[in-house]
Every structure is written in C-alpha cells, then in structure tokens.
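Step one of this worksheet: look at the structure below.
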Amino acid sequence: MQPVHIILLILGYFSVLILISYTTSKSANNNTFFKANNSSPWYLVAFGMIGASLSGVTFISVPGWVEGQQMSYMQMVLGYVLGYAVIGLVLLPLYYKLNLTSIYTYLDTRFGRFSYKTGASFFLLSRTIGASFRLFLVANVLQLILFDAYGIPFWITVTITILLIWLYTFKGGIKTIVWTDTLQTLFMLLAVGVCIVMIKDALQIENLFSYISENKLSKIFFWDDFKAGNYFWNRFLSGAFIAIVMTGLDQDMMQKNLTCRNLKDAQKTCFGLLLF
C-alpha cells in the first residue's frame, strides 16, 4: 500500500471519529463528560473495552511470546473469568452503591484523604507512563511505514497523533469514548482477521486449525512444575489478579462501566466482555 493511501485511510478514520464526537457532545455538560449521563448501552461498553484492554504492545509481544512459552498465555486468559467475577460481584456493587465518579473516592471514605490522594496519584503516574509507551509504539509504527517517506520528523508525528486524539475527546469526554472505542475495537478485530488470512495464505497453509493443533507450540496447559512460571495455577491466578487490578481498580477502565444505566447493566458489561 502506498503512503498516500495510508494517509487517506487515517484521514477518513479520524473524520468518522470527529463526526461521532460532534454527535455525542451536543448539549454536553460535566455529567456527560465524566459519566455519559449514565446512558451507555452495556453491550457497547463491553465490546469497546476489548479494544481498550488491548494495545499494539499485545499484538507485537504475545505472538512472539508463543515461540518461547507456547500457548501458556491462555491459562492467564482463563484466570480473567475469576477476575471479572470479582469485579462484577464485589467491586461494581460497591461503586454503584456509593455513586462514585472516581473510584478512588472510596479510599477517601474508607481510609482518609491521604489514602485517596496516594491512590489517585499512582493511577495518574501509571497511566501517564503506560499511555506514553503505547503512544510511542503507535507513533513509531506510523513513522516507519508512512512519515519517513515524506521526511517528516518523529516529534511532528507524535504531536499530530496527540492533537487528533484530543480533537475528538475534549468535549464529549467518556460519552464519546464509549462509541469511538466500539468503532476502534471493530476495526482492530477486522484487522486481526485480515492478518490471520494473509499469514495463512503466505505460509500456504491449507487447514489452519489442523496446522495449529498439530504444532508443538499449541500446547496450552502446563501441570508439571509448580515452580515454573508457566505452571497452570501460577498463570491462572495471575490472570485473575491482573483483571482485578488492571480493570476493576483502574479508573480509565471502570469509568466506562460507571456510564451504564444501572448496576445490572454494568455487571452485564463484565460478563459480556468474557463472551466477546
């Protein structure tokens, strides 16, 4: 694909995002920005959270991890079931009972203001570092496949990316993000499907499922050495705690759940996410 075609795709994609932002930000206020007026359909939140919980790091690191760790990663994914059960049955009822906008407000109520400030500060620190790393990765890919061809410096690539993100989120806030995350997740999953088909054709694989099942790298469960990092219960429990920490105790992820109409819809989001 020629660089000019990629630019047209990016412009078209962000045009759609801005259109969604314009539509969702009409008559927006603080409640719209932070809680989307508690009007988000649970299925959109659940579907959009797939894209929010993944990133370019996932697609680059996990496939390479299979070469060394086989499919042991799936044991951790199974642990997500337990983690999301804790989120849906323990954390979400607490958040909705207290009618929280920031989940860290609970720390203020339960342990005091210093605890609240510490929890919120650590979230901001971790989010800044994590978001910066993901932005660097995406901007670096754009630089290599596109902007280098036009001699555009890397810092301009980063600046343009940040401005485009700010442009479609600054007014509608979380209400806009719920809808744009859904669109982004859809395109991401379509891209994954296209990649799988193209790789299958490039490797001249006739039956993909048979090829994977017969390959030694397809082993999922490891029960031999409980001290090993890929031992089933080590990975399973790690997955449960990762889901609780990275979703249930993360303001960015929980903010979307708090935009649902009520607690039952928010709980559907957690369990619906597992189905997706």
Side-chain angles (χ1 to χ4, degrees), residues 42-43 45-95 103-104 106 119 122-123 125-127 129-131 133-134 137 181-182 184-185 188-189 191-193 195-196 209 212-213 215-258 260 263 265-276:
W42 71 266
Y43 45 87
V45 176
F47 188 70
M49 283 179 67
I50 297 174
S53 61
L54 301 176
S55 68
V57 179
T58 308
F59 290 106
I60 291 175
S61 61
V62 173
W65 192 12
V66 172
E67 194 277 332
Q69 297 289 326
Q70 298 169 286
M71 293 290 288
S72 61
Y73 180 84
M74 284 299 299
Q75 298 174 127
M76 188 168 65
V77 175
L78 293 175
Y80 292 169
V81 177
L82 176 59
Y84 280 110
V86 173
I87 295 169
L89 300 176
V90 178
L91 295 179
L92 280 176
L94 178 64
Y95 297 156
I103 62 173
Y104 304 113
Y106 171 74
F122 273 111
F123 163 73
L125 176 63
S126 63
R127 181 55 54 182
I129 295 173
F133 181 71
R134 286 188 287 273
L137 181 65
D181 275 1
T182 302
Q184 291 170 3
T185 299
M188 180 192 71
L189 295 180
V192 172
C195 288
I196 292 173
F209 296 100
I212 293 175
S213 62
N215 195 295
K216 65 178 183 178
L217 297 178
S218 65
K219 184 178 179 180
I220 296 176
F221 299 104
F222 294 81
W223 304 93
D224 302 327
D225 184 6
F226 71 92
K227 295 182 180 180
N230 61 3
Y231 181 65
F232 175 80
W233 289 111
N234 293 340
R235 285 282 164 84
F236 181 85
L237 293 175
S238 296
F241 282 111
I242 286 173
I244 293 171
V245 172
M246 296 188 67
T247 300
L249 301 178
D250 183 273
Q251 177 66 32
D252 182 48
M253 298 296 288
M254 279 292 97
Q255 191 74 39
K256 300 178 180 67
N257 289 79
L258 296 178
C260 292
L263 173 59
D265 275 5
Q267 291 173 322
K268 289 178 185 177
T269 298
C270 279
F271 299 115
L273 185 60
L274 295 175
L275 295 177
F276 287 130

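In this view, Q70 satisfies the side-chain hydrogen bond (donor to acceptor under 3.5 Å, both in side chains) rule with no residue, not counting sequence neighbours. Partners of A228 by side-chain contact (heavy atoms from CB on, under 4.5 Å), not counting sequence neighbours, listed by chain and number: D225, N230.
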**OP:** Apply side chain to side chain contact (heavy atoms under 4.5 Å, CB included) to F271 and L89, showing your working.
**Re:** CA-CA 10 Å; F271 299 115; L89 300 176; 4.2 Å; yes
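Considering NZ of K256 and CD of Q251, their distance stands at 10.0 Å, rounded to 0.5 Å. Atom SG of residue C260 and atom OH of residue Y43 lie 11.0 Å apart, to the nearest 0.5 angstrom. Here the CG-CD1 distance, from L91 to I103, works out to 8.0 Å after rounding to the nearest 0.5 Å. Put simply, CZ on F221 and NZ on K219 are 11.0 Å apart, with the number rounded to the nearest 0.5 Å. Here CG of D181 is found 11.0 Å from CZ of F47. Values are rounded to the nearest 0.5 Å. One finds the OG atom of S213 at 9.0 Å from the CG atom of N215 (value rounded to the nearest 0.5 Å).
Residues Q267 and P93 come closest through the heavy atom pair NE2-CG, 3.8 Å. Closest non-hydrogen pair, C270 versus Y84, comes out as CB-O, 4.2 Å. The minimum heavy-atom distance linking N257 with V45 is given by the pair N-CG1, 4.2 Å. When all heavy atoms are compared, the tightest approach of Y80 to G239 is CD2-O, 3.1 Å.
In this structure a side-chain-to-backbone donor-acceptor pair under 3.5 Å is missing from T247 to I244.
Each salt bridge (charged side-chain N to carboxylate O under 4.0 Å, His left out) pair with one or both residues in residues 229-251, not counting sequence neighbours, appears once here: R127-D250.
Using a 4.5 Å heavy-atom threshold, the side chains of K227 and Y231 count as separate. For the pair M49/M253, a side-chain contact is recorded, criterion being any heavy-atom separation below 4.5 Å from C-beta on. Between F123 and L249, every side-chain heavy-atom pair lies at or beyond the 4.5 Å cut-off. No side-chain heavy atom of S238 sits less than 4.5 Å from a side-chain heavy atom of Q75. Taking the side chain as every heavy atom from C-beta outward, L82 and F236 approach each other to under 4.5 Å.
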